[in-house]
Amino acid sequence: MNIEWDKLGFEFMPTKSNIRFTYADGKWGEGRLCNSYEISINVAANCLHYGQAIFEGLKAFRGKDGKIRIFRPDENAKRLNSSAKRLCMPEFPVEKFIEAVKTLLQDNIEYVPPYGTGGSVYIRPVMFGTTPQIGVASSKEYELVIMAMPAGPYYKGGFKPVDAMSVTGFDRAAPHGTGTIKCAGNYAASLLPAKIAKENHCPVPLFLDPKTNEFVDEFGTSNFLAITKDGKYVTPASSSILPSITNKSLMQIAEDIGMTVERRPIHISELAEFAEVAACGTAVVITPIGRIFCGDQVFEYSKEVGANLQKLYDTITGIQYGEVADTHNWTVTL
Ligand code: PLP
Ligand code: COI
């Protein structure tokens, strides 16, 4: 094993093991640590045709005190179950999920980046229907596989502003345009607008509401947050965005430090008024947005990281690395 910890990006990397559970005869079996990334499924498996496939994303961090902290795994377990419910898939017990993540991390402990490198372990659970069938119906058997890999910044360069672009004209292109599920197939429709944004030198696609294209929904991989000129934390209320655990945590932190938090529809005309804008999510953490290209308009924010985003970033990463008191008991120590 020869990992350059401070050069890590956000890419697939095989580690020692993944943990697998099989659902059959109406119940989940015991977890098996598996040293292979291969899986054999029938070509008629439901997930390949009808998209019964959901996933999650969470992180674990090695602290200054040497302890490994998992950030809010109960929230990911609950969201996995709400996605499962929406796609007629079986729920997975929350405690069993947390235990599985712990077992996986313990077995892959040498892949948890050292403290001070800025890295973390990204944990990716994926659940999919495996029953071979050709009629449209829900699968009877499922696999839940949880993988873990060391990760650095999602966008190259780390914590500095990047550009975003709203690409419209794709009906239900946003990952969550069909509801608030974290569903593997959903993201495929976001690839083309994301490609167009990237071709226009904007790494981050911004999705507007699918009905009117007049309200901000979310970014391709993350929620939208903005700080108003009078220091309020504003984030969209919308039924077609993923309920981000990072955003939920940041709203709490913002309240804790005395900021007013507003969760409400955000009209695109307001983009001209904000002092700071950012994307937030497990993979992107807080990524400040430098400019937003929206139709024939360009909205510009600071080229430097704003003071409010810096404070929010320092606090959430401080809690994750065990440097700031975890007053809400968000982290689970290995
Ligand atoms: N929105 C989308 C479309 C995402 O893919 C993600 C990442 O999972 C988020 C928002 C942020 O959610 P979280 O903070 O729970 O990672
Ligand atoms: C995450 O932040 O966990 C995500 O799932 C974002 C993206 C890689 C899909």
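Each ligand, and each atom within it, is numbered from 1 in the order the structure gives.
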Close N or O approach (Thr246, ligand 1; < 3.5 Å)
yes
Does a donor on one side chain and an acceptor on the other come within less than 3.5 Å for Tyr50 and Gln133?
no
Relative to the heavy atoms of Gly220, which atoms of ligand 1 are at a distance of less than 4.0 Å?
3 (C)
Neighbour list for ligand 2 [protein residues, heavy atom under 4.0 Å]:
Phe10, Phe55, Gly57, Tyr122, Arg124, Tyr154, Lys182, Tyr187, Thr221, Thr282, Ala283
Subset of ligand 1 atoms that lie under 4.0 Å from at least one heavy atom of Asn223:
1 (N), 10 (C)
State, yes or no, whether a side-chain contact exists between Tyr301 and Pro161 at a heavy-atom distance under 4.5 Å.
no
Looking at Tyr187, which atoms of ligand 1 are within less than 4.0 Å of one of its heavy atoms?
2 (C), 3 (C), 4 (C), 5 (O)
The closest protein heavy-atom partner of atom 8 (O) of ligand 1 is Lys182 NZ, 2.3 Å
Give the atoms of ligand 1, by number and element, whose distance to some non-hydrogen atom of Arg79 is under 4.0 Å.
12 (O), 13 (P), 15 (O)
With distance as the sole criterion, is a donor-acceptor pair present between the side chains of Asn213 and Thr168 under 3.5 Å?
no
State, with a plain yes or no, whether a side-chain heavy atom of Glu262 is found less than 4.5 Å away from one of Thr228.
no
Among all protein heavy atoms, pick the one closest to atom 3 (C) of ligand 1 and tell me residue, atom and distance.
His176 CE1, 3.2 Å
Which protein non-hydrogen atom lies closest to atom 6 (C) of ligand 1, naming both residue and atom, and how far is it?
Thr221 O, 3.1 Å
Minimum heavy-atom separation for Leu105 and Ala60, please, with both atom names.
CD1-CB, 3.7 Å
CA sep, side-chain torsions, deciding dist, call: Arg32, Glu143, salt bridge (Lys or Arg N to Asp or Glu O under 4.0 Å)
CA-CA 11 Å; Arg32 300 146 357 241; Glu143 282 298 296; 3.6 Å; yes
How far is atom 16 (O) of ligand 1 from the closest protein heavy atom, and which atom is that?
Thr282 OG1, 2.6 Å
Could you pull out the closest heavy-atom pair between Phe299 and Ile268, with the gap in Å?
CZ-O, 4.0 Å
Residue portion contacting ligand 1 (non-hydrogen atoms closer than 4.0 Å) for Ser222
backbone
Any non-hydrogen side-chain atom of Met147 less than 4.5 Å from a side-chain atom of Tyr37?
yes
Atom indices of ligand 1 within 4.0 angstrom of Glu218 heavy atoms, with elements:
1 (N), 2 (C), 3 (C), 10 (C)
Any heavy atom of Ile245 under 4.0 Å from ligand 1? The part involved is both
What I'd like to find out is whether the side chain of Lys96 reaches to under 4.5 Å of the side chain of Phe21, using heavy atoms alone.
yes
Heavy-atom closest pair, residues Trp5 and Pro150
CZ3-CB, 4.0 Å
Pairing residues for Phe207 by the ring-ring contact (aromatic ring centres under 6.0 Å, His included) criterion, not counting sequence neighbours:
none
Looking only at heavy atoms, what is the nearest atom pair of Val277 and Ala226, with distance?
CG2-CB, 4.1 Å
